[in-house]
Amino acid sequence: MSDNASHDSFFALHHGLPRQGPGSDATTRRLIALSGTLPERPRVLDLGCGPGRSALLLAAEAGAEVTAVDLHEPFLAELRRSAADRGLDGSIRTHRADMGALPFPDGSFDLVWAESSAYAIGFDRALAEWRRLLAPGGTLVLTECVWTTGEPGPAARAFWEQHYPLRTVAELSSAAIGAGYHVVGGFLQPEGDWAEYYGPLAAHADAADTAVPGMAEAVAGARAEIAMRREHSSEYGYAGFVLRPADPRWRTRPETAEDASAVRPLVAAAFGSEAEADLVDALRRDPDAWLPGLSYVAEAPDGSIAAHALITRCLVDGAPAAALAPVAVAPAYQRTGAGKAVVRAVLDAARLRGESLVLVLGHPEYYPKFGFVRASEYGIKPGFEVPDESMMALVLDESVPVPPGTIAYPAAFGV
């Protein structure tokens with residue numbers, strides 16, 4: 001059997017499917033929401049677009065100007081027809097290209113989008129090569145197959161070692177942070193996303209003419225993949241990642257012992273009193289509150305400390321959580337991005353440390369930029385009266401149930 005026959009049969013089997021990997025309109029909408037505030041007419045690059053389910057939704061609901069890229073021309077032709085049928089042909093243009101050799105200028109897009117397609121060149125290569133395409137403040141959104149257990153069984157491991165090496169969400173998050181991104185948000189996709197892909201694919205396999213050269217092998221491969229998922233769904237899944245390049249103006253890092261003497265006057269100056277500086281010192285002395293590696297600083301260009309952010313242990317009805325407080329920026333560097341940089345960095349560090357829930361009492365127009373929502377949405381409340389919109393929560397790991405209840409802060413907070 002020729003390689004052409006295998007190629008042609010694979011695409012014949014997949015032609016006409018609504019999507020070419022696990023996903024759903026609900027997942028696409030959730031990824032859009034996690035991307036934060038977008039320009040009125042965001043420029044989106046949809047890579048490995050397939051028949052364009054995501055591209056159509058981005059154009060229709062996010063008002064995006066979408067450049068949809070795929071190597072398979074029949075997918076692009078299908079997308080053009082669908083866009084015309086919906087009156088979106090002015091918002092979507094197709095481009096036949098290899099996602100590993102993209103012809104677009106640097107800084108061309110507000111969103112680079114890749115649902116179920118980054119595997120074609122690999123997660124790490126995608127992070128490295130697609131970053132240049134993002135405009136300042138731009139966002140990379142992709143979905144990737146992941147291990148959902150630390151010890152996958154031999155059958156699942158053997159299957160994926162043959163097809164595509166999987167990593168856990170934590171390992172991929174670490175890779176993204178190491179590549180110079182912040183993890184804005186992420187989640188494990190629901191089981192229904194697999195059904196939206198495998199249901200139509202199974203129907204195509206049942207209806208396929210296996211007498212066509214290469215089709216029997218294509219059908220067998222599809223059925224083996226579907227069977228693997230059915231039998232080992234607890235071991236792997238698909239996850240969405242929303243990533244944003246770190247601000248290159250600020251070097252962020254964990255606080256060192258030598259930094260403490262500089263952090264104290266910075267915090268006092270930022271708040272205009274010694275109270276918050278005393279709070280930081282008291283938290284340092286509390287072994288039940290202090291979380292090693294979660295006191296972060298942002299350096300100014302001259303090497304001085306421009307901003308500081310601290311995360312310490314708190315409890316929600318006895319269950320461990322983390323409190324972001326205080327966040328301080330030296331007066332000379334306020335409204336320059338230093339605060340955002342250090343907050344994103346300490347949240348990344350908390351994610352990698354395995355923290356699942358971060359709480360903050362702060363400005364309701366500021367912290368939602370990092371993904372925080374009202375804590376009351378999870379049934380969480382402080383033990384004192386504050387405006388509901390000011391007590392916020394950020395879930396870092398959705399595999400851990402969010403505990404409802406009352407927040408207990410370390411004694412140093414005095415509440």
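All values reported here derive from a predicted model rather than from experimental measurement.
When each of Val112, Leu47, Thr67 is tested with Leu102 by the rule side-chain contact (heavy atoms from CB on, under 4.5 Å), just one qualifies, namely Leu47.
The pair Glu274-Arg264 meets the salt-bridge criterion, with a side-chain N (NZ, NE, NH1 or NH2) lying under 4.0 Å from an Asp/Glu carboxylate O. The pair Arg223-Asp206 meets the salt-bridge criterion, with a side-chain N (NZ, NE, NH1 or NH2) lying under 4.0 Å from an Asp/Glu carboxylate O. One finds no salt bridge joining Asp89 and Arg80 here, because no Lys/Arg side-chain nitrogen approaches an Asp/Glu carboxylate oxygen to under 4.0 Å. A salt bridge does not link Glu299 to Arg249: none of the charged nitrogens lies less than 4.0 Å from a carboxylate oxygen.
Classification of the Tyr409-Phe413 ring pair by plane angle, with boundaries at 30° and 60°, yields tilted. The aromatic rings of Tyr238 and Trp194 lie perpendicular to each other, with more than 60° between the two planes, well past the 30° mark. Ring orientation note: the planes of Phe370 and Tyr367 are tilted relative to one another, at an angle of 30° to 60°.
Pairs passing the salt bridge (Lys or Arg N to Asp or Glu O under 4.0 Å) check and including a residue from residues 226-237, sequence neighbours excluded, read Glu191-Arg229. Among residue pairs with one or both ends in residues 108-122, those qualifying as salt bridge (Lys or Arg N to Asp or Glu O under 4.0 Å) are Arg43-Asp110; sequence neighbours excluded. Screening residues 172-188 for side chain to side chain donor-acceptor pair (under 3.5 Å), with sequence neighbours left out, gives His182-Asp348. For residues 142-153, the side chain to side chain donor-acceptor pair (under 3.5 Å) pairs, not counting sequence neighbours, are Glu144-Tyr164.
Contact between Arg244 and Gly138 at its shortest, heavy atoms only, is CG-O, 3.3 Å. Contact record, Val141 with Ser35: CG2-OG, 3.5 Å, taken as the closest heavy-atom pair. For the residue pair Leu127 and Ala176, the shortest heavy atom distance occurs at CD1-CA, 3.6 Å. Looking at every heavy atom in both residues, Cys145 comes nearest to Leu166 through O-CD2, 3.6 Å. Contact between Pro368 and His363 at its shortest, heavy atoms only, is CD-O, 4.1 Å. Closest approach of His163 and Phe159 over heavy atoms only: ND1-O, 2.8 Å.
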Give the table of side-chain donor-acceptor pairs shorter than 3.5 Å for residues 328-346, with sequence neighbours excluded, one pair per line with atom names and distance.
from	atom 1	to	atom 2	distance (Å)
Gln334	NE2	Val329	O	3.0
Thr336	OG1	Tyr333	O	2.5
Arg344	NH2	Lys369	O	3.4

Donor-acceptor pairs are to be reported for all side-chain atoms of residues 397-408 against protein atoms at under 3.5 Å, with residues two or more places apart or in another chain.
from	atom 1	to	atom 2	distance (Å)
Asp397	OD1	Ser399	N	2.9
Asp397	OD1	Ser399	OG	2.6
Asp397	OD2	Ser399	OG	3.3
Glu398	OE1	Arg30	NH2	3.1
Glu398	OE2	Arg30	NH2	2.2

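Not one N or O on the side chain of Arg313 forms a donor-acceptor pair closer than 3.5 Å with the backbone of Pro287.
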- I would like to know whether Phe241 and Phe123 meet ring pair (Phe, Tyr, Trp, His ring centres under 6.0 Å); could you show each step before the answer? CA-CA 11 Å; Phe241 296 86; Phe123 187 84; 5.8 Å; yes
